[in-house]
Peer 1: 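One structure, pasted below without further comment.
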2 protein chains.
Amino acid sequence: MTTRTDTKEKILDLAEALMQEKGFGEFSYAHLSAELNIKNAAVHYHFPSKEDLGKAIIERAGQRFLDWCQQESMQQVTAKERLSAFMDVYYRQNLERGIRLCLVGSSAAAFPALPPGMQQEVLAMTSQILEWLARTLEEGRENWEFNFNGSARAMAGVFLSAISGALQLSRIGGESFYAATVQQLWNQLVVKT
Amino acid sequence: MTTRTDTKEKILDLAEALMQEKGFGEFSYAHLSAELNIKNAAVHYHFPSKEDLGKAIIERAGQRFLDWCQQESMQQVTAKERLSAFMDVYYRQNLERGIRLCLVGSSAAAFPALPPGMQQEVLAMTSQILEWLARTLEEGRENWEFNFNGSARAMAGVFLSAISGALQLSRIGGESFYAATVQQLWNQLVVKT
DNA sequence: TAGTTTACTTACCAGTTAGTAAGTATCTTT
DNA sequence: AAAGATACTTACTAACTGGTAAGTAAACTA
């Protein structure tokens with residue numbers, strides 16, 4: 001079975017981008033329909049409520065993250081290379097597109113205003129990311145690639161807080177702020193060779 | 001000369017709290033006026049546009065920060081105690097009030113949607129904070145209270161990113177996430193005695 | 001005490017928000 | 001070829017948004 005149209009995916013792509021650029025509460029069905037040259041009722045056809053739309057955005061992104069970290073090429077590289085790839089895909093690339101936030105940062109900032117069903121999806125996705133980060137950091141520490149004290153889970157919290165925060169603050173301080181901050185974070189973590 | 005009413009200050013207090021709780025774009029003149037038992041036109045009397053209101057919120061908070069870090073008692077304590085006080089006033093306390101974000105984090109997340117005049121105020125306030133942090137970190141390093149490599153300015157960027165990010169992510173992960181993350185950050189920075 | 005300023009209220013407005021009900025063209029299945 | 005599902009459009013709504021113009025009561029000033 002083939003889908004005749006890809007309107008639903010296009011809506012999700014655009015909504016996700018707008019969420020990173022402006023926040024979930026700062027774009028409307030009218031924004032989506034205007035840009036896609038459809039009527040706002042067409043968006044409601046695919047996503048009856050904004051909660052449905054929000055849930056779908058996060059659900060898809062969460063699945064994409066799982067696919068990404070379970071892909072074959074990921075299993076063959078070191079923890080340091082995996083963490084570097086993570087930062088490139090989920091942070092560095094957003095910087096190049098007009099400083100989009102990561103979905104975790106965007107969701108966290110607007111969390112109390114998000115529909116309940118969406119909050120649950122955000123929690124699930126964030127937990128997945130934090131667990132992957134903790135596993136990666138722990139493995140890197142055992143391989144003498146990373147150097148840090150305390151639990152890998154706590155370090156994962158610091159790392160995710162710092163990079164999502166740095167992406168946000170670089171909207172104020174510019175790309176140079178992001179570059180300097182992430183470099184400092186990386187230097188603190190990585191064992192010099 | 002005494003002011004007869006304090007409506008203007010009450011509006012600022014409430015607007016600041018709402019900005020930390022929900023974000024600048026997520027509260028309205030109607031929210032403010034309803035809670036203060038006045039009409040929305042009364043809010044417009046004191047702050048004609050939302051840009052005026054936003055500028056006033058940040059301007060006042062920036063001045064409050066300057067007053068705070070220039071107060072007499074601050075000059076008499078060590079860098080470590082000053083940094084600890086900063087985290088208590090500007091972060092720990094927000095956690096206790098339903099996880100309000102700091103104004104820097106709230107502003108950064110919504111930055112592209114903020115009125116231009118407000119963006120300028122946010123930049124000024126953030127610069128003040130980063131400069132103070134860099135000075136404090138540098139002084140603490142010279143006193144053997146803190147231990148870090150690289151420039152104090154870069155470390156200040158990591159520190160501010162991490163704590164503002166941790167406050168946001170604790171909306172997802174709860175207070176325990178904040179506690180664990182900030183403890184890890186502190187342990188990495190502070191020289192053990 | 002008359003005039004002016006301050007701090008509002010009353011009563012609007014045009015634009016935007018998420019959401020809905022009913023209709024239509026096109027494809028798929030029987 | 002008929003019946004049903006799919007993917008929309010047309011046309012609408014009630015609630016809310018930031019913002020304004022005109023009026024008013026009380027306080028301050030000349």
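These numbers come from a predicted model, not from an experiment.
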Peer 1: Please report the distance, rounded to the nearest Å, between NZ in B/Lys10 and P in C/dA7.
Peer 2: 14 Å
Peer 1: Rounded to whole angstrom units, what separation is found between the NZ atom of B/Lys39 and the C1' atom of D/dT20?
Peer 2: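 Value for this atom pair: 17 Å.
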Peer 1: Please tabulate, for the side chains in residues 107-121 of chain B, all donor-acceptor contacts under 3.5 angstrom to protein atoms that are two or more places apart in sequence or on a different chain.
Peer 2:
{"residue": "B/Ser107", "atom": "OG", "partner": "B/Leu103", "partner atom": "O", "Å": "2.7"}
{"residue": "B/Gln119", "atom": "NE2", "partner": "B/Phe111", "partner atom": "O", "Å": "2.7"}
{"residue": "B/Gln119", "atom": "NE2", "partner": "B/Leu114", "partner atom": "O", "Å": "3.3"}

Peer 1: Going by number, which of residues 26-36 of chain B have a non-hydrogen atom under 4.0 Å from DNA chain D?
Peer 2: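 Only B/Phe27, B/Ser28, B/Tyr29, B/Ala30, B/His31 qualify.
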Peer 1: Taking distance alone, no hydrogens or angles, what donor-acceptor pairs closer than 3.5 Å link side-chain atoms of residues 149-164 of chain B to residues at least two apart or in another chain?
Peer 2:
{"residue": "B/Ser151", "atom": "OG", "partner": "B/Ala154", "partner atom": "N", "Å": "3.0"}
{"residue": "B/Ser161", "atom": "OG", "partner": "B/Gly157", "partner atom": "O", "Å": "2.8"}
{"residue": "B/Ser164", "atom": "OG", "partner": "B/Leu160", "partner atom": "O", "Å": "2.9"}
{"residue": "B/Ser164", "atom": "OG", "partner": "B/Ser161", "partner atom": "O", "Å": "3.4"}

Peer 1: Let me know the distance between CD1 of B/Ile38 and P of C/dT10, rounded to the nearest Å.
Peer 2: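 It works out to 12 Å between those atoms.
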Peer 1: According to a strict under-4.0 Å criterion, is B/Thr7 in side-chain N/O contact with OP1 or OP2 of C/dC8?
Peer 2: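 Yes, B/Thr7 has a side-chain N/O under 4.0 Å of OP1/OP2 on C/dC8.
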Peer 1: Are B/Tyr91 and B/Phe86 an aromatic pair by the rule of ring centers under 6.0 Å?
Peer 2: yes
Peer 1: Mark yes or no for whether A/Gln168, through its side chain, and A/Gly165, through its backbone, hold a donor-acceptor pair below 3.5 Å.
Peer 2: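 Between the backbone of A/Gly165 and the side chain of A/Gln168 there is no qualifying donor-acceptor contact (under 3.5 Å).
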Peer 1: Can you list everything that forms a side-chain contact (heavy atoms from CB on, under 4.5 Å) with B/Asp88? Sequence neighbours excluded, please.
Peer 2: B/Arg92, B/Gln93
Peer 1: Checking B/Ala124 now: which residues fulfil side-chain contact (heavy atoms from CB on, under 4.5 Å) with it, not counting sequence neighbours?
Peer 2: none
Peer 1: Do NZ/NE/NH1/NH2 and the carboxylate oxygens of B/Arg141 and B/Glu138 come within less than 4.0 Å?
Peer 2: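 Counted as a salt bridge, because a side-chain N and a carboxylate O are separated by less than 4.0 Å.
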Peer 1: Under a 4.0 Å heavy-atom cut-off, which of residues 40-55 of chain A touch DNA chain D?
Peer 2: A/Ala41, A/Ala42, A/Tyr45, A/His46
Peer 1: For atom CD of A/Glu35, is the number of surrounding heavy atoms from other residues, nucleotides or ligands below 6.0 Å larger than 12?
Peer 2: no
